[in-house]
Amino acid sequence: MSLLRVGILASGNGSNFQKIVDESEKGELPAKVVVLLSDRSDAFVLQRARNHQIPTYVVKPRDFSSQEEYEEKMIEILNQHCVQLVVLAGFMKILSPRFIRAFKDKVINIHPSLIPAFCGKGFYGMKVHQAAIEYGVKISGATVHFVNEDVDAGPIIIQKAVLVSDDDTPETLAEKVHRVEHEILPEAIRLFALGKLQIRGRRVIVKE
Ligand code: GRF
C-alpha cells in the first residue's frame with residue numbers, strides 16, 4: 001500500500017509531531033512524514049525531526065518582504081516533497097486564503113479545545129486552557145478540523161473530550177488535552193489516508 005505523504009508545520013515542542021512519526025515508523029499509520037517546516041529556529045520539534053532523518057526547513061515570515069512571498073516559499077517546499085496532506089501541529093502562524101487554496105481540503109489542524117468553544121484569534125497555547133478554567137467548564141478537549149479561510153472554523157473531523165476537575169490548573173488541563181490530541185490527530189490522518197473523509201458543507205462524514 002502506498003503511504004500518504006504528510007508535511008507538518010509546527011512552531012514548538014512537537015509532541016504531536018513525535019506521535020505521528022512514531023506511529024508511522026511502527027507501521028501503524030498508512031502515512032509517512034516527509035518534511036517538517038517551522039517558523040522558529042529554536043523550536044524543539046526541529047530536533048525531533050532530525051532524530052528521524054526527516055528534512056527540516058525554517059521559514060520565517062520576517063525573512064520575506066510579504067506574507068505572499070513567505071507562503072509561496074512554504075508551498076514550494078511542500079510541493080518539492082510531493083506533500084499530499086499538510087498537518088498543522090502547533091503551528092502558531094495564521095495562513096492566508098491563498099495558502100489554503102493551494103492545498104484545498106488538504107490542510108488539517110489540531111486545536112486544544114472543543115470547537116466552537118475557546119477558539120479563534122487569540123486562543124492559542126496555554127491561553128485556551130486558562131480561558132476554559134476561568135469560564136468554569138466541566139468538560140474540555142481537543143478538535144481536529146480541516147482548515148478553511150477562517151481561523152479554527154473549518155469542518156470538524158474528530159473531537160474528544162476530557163473532564164475538567166476542580167483542582168485542574170491550565171497546566172494540568174493542557175496535559176490531559178495533550179493526551180487526547182495524541183490519539184485523535186493520528187486517527188484523523190489515518191482516516192484521510194484511507195480516503196474515508198468526505199466534506200459535506202460544514203460536516204465531515206466518515207465513510208465506513
Ligand atoms: C497543541 O496543544 C495543539 O492543540 C496546539 O498546539 C499544541 C502543540 O503541542 N495547536 P505540541 O508542540 O505538539 O506538543
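In each ligand, atom 1 is the first atom listed, and ligand 1 is the first ligand listed.
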Any nitrogen or oxygen of Asn16 lying under 3.5 Å from a nitrogen or oxygen in ligand 1? Just yes or no.
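Yes, there is a polar N/O contact under 3.5 Å.
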Heavy atom of Ala10, distance to ligand 1 below 4.0 Å
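Distance cut 4.0 Å: Ala10 fails for ligand 1.
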Centroid-centroid distance, Phe17 to His52, less than 6.0 Å:
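No: the rings miss the under 6.0 Å criterion.
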Are [X] and [Y] close enough that a side-chain donor and a side-chain acceptor fall under 3.5 Å?
| X | Y | result |
| --- | --- | --- |
| Ser41 | Lys60 | yes |
| Glu134 | Gln130 | no |
| Ser140 | His129 | no |

Within reach of ligand 1, part of Glu181 (heavy-atom separation under 4.0 Å)
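The answer is the side chain of Glu181.
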Could you find the nearest protein heavy atom to [atom] and give me its residue, atom name and distance?
| atom | answer |
| --- | --- |
| atom 12 (O) of ligand 1 | Gly14 N, 2.7 Å |
| atom 9 (O) of ligand 1 | His178 NE2, 3.0 Å |
| atom 8 (C) of ligand 1 | Gly90 CA, 3.6 Å |
| atom 10 (N) of ligand 1 | Ile110 O, 3.0 Å |

Remaining members of hydrophobic cluster (4.5 Å side-chain criterion), Ile115
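Its cluster partners, ordered by chain and number, are Ile156.
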Considering Ala142, Ala174, Ser15, Ser11, which one's heavy-atom position lies nearest to atom 11 (P) of ligand 1?
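Ranked by closest heavy atom to atom 11 (P) of ligand 1, first place is Ser15.
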Closest heavy-atom contact between Ala31 and Ile189?
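Ala31 and Ile189 have their closest heavy atoms at CB-CG2, 3.9 Å.
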